[in-house]
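These numbers come from a predicted model, not from an experiment. Naming convention: chains lettered A, B, ... in sequence-line order (proteins, then strands); numbering from 1 in each chain.
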Amino acid sequence: MRYWLMKTEPDECSIDDALAAPRHITPWTGVRNYQARNFMRDQMRVGDGVLFYHSSCEEPGIAGLAEVASAAYPDPTQFERSSPYYDPKAKKDDPRWFHVDVRALKKTRLVPLAELRRRKPLAKMVLLRPGNRLSITPVTEGEWTYIGKLV
DNA sequence: GCCAACGTTGGC
DNA sequence: GCCAACGTTGGC
């Protein structure tokens with residue numbers, strides 16, 4: 001069992017949106033970064049823990065808890081010409097982008113980025129590394145447990 | 001809206 | 001395979 005932090009823009013899909021979806025499931029489409037794709041495709045397993053993170057918004061931070069709900073499968077938006085995530089180089093028989101389904105479990109209090117930075121036990125979180133922009137980052141078991149008590 | 005940091009692209 | 005130019009991310 002592994003743990004992850006997944007960023008989403010609440011304007012696009014907030015924790016409330018994810019909880020309102022059928023069976024609380026959101027297909028995590030639109031990831032167009034190879035490292036993030038590889039995490040989903042190669043390392044995620046059904047049941048892995050997910051910190052649901054709001055980014056690019058008024059108050060960035062952890063907003064909820066979720067879990068990985070499927071194995072990785074090809075992202076259909078890469079083939080949709082009208083989609084902002086359309087990738088002309090992706091081929092049907094050789095998809096470039098993969099994603100998993102995420103099941104939202106609960107909304108938590110918003111734990112702001114500034115608070116995460118302040119918490120000594122979280123000092124080594126990948127999310128907090130200077131210059132980090134990855135939309136999916138691994139979380140250690142220690143960090144997961146600590147954050148579980150915070151929220 | 002700014003801008004620093006980073007990833008990707010493509011010419012050579 | 002290098003690297004400059006460009007586009008994107010995301011906090012502020």
Checklist outcome for this item: B/S/- along nucleotides 6-12 of chain C (protein heavy atoms under 4.0 Å) is --BBBS-
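At a threshold of 4.5 Å between non-hydrogen side-chain atoms, the residues A:Pro138 and A:Arg2 do not count as touching.
Partners of A:Arg41 under the side chain to side chain donor-acceptor pair (under 3.5 Å) rule, at least two apart in sequence or in another chain, are A:Asn38.
Annotation: of the two residues near DNA chain B, A:Lys89 and A:Asn33, the 5′-most nearest-nucleotide partner is A:Asn33.
For the residue pair A:Thr77/A:Arg32, the side-chain donor-acceptor check at 3.5 Å is satisfied.
Its side chain within the 4.5 Å cluster rule, A:Val151 clusters with A:Met1, A:Tyr3, A:Leu5, A:Leu51, A:Tyr53, A:Ile62, A:Leu65, A:Val111, A:Leu113, A:Leu116, A:Leu122, A:Met125, A:Leu127, A:Leu128, A:Val139, A:Trp144, A:Tyr146, A:Ile147, A:Leu150 among the Ile, Leu, Val, Met, Phe, Trp and Tyr residues.
When the options A:Trp28, A:Tyr85, A:Tyr34 are evaluated for a ring-ring contact (aromatic ring centres under 6.0 Å, His included) with A:Trp97, the one that passes is A:Tyr34.
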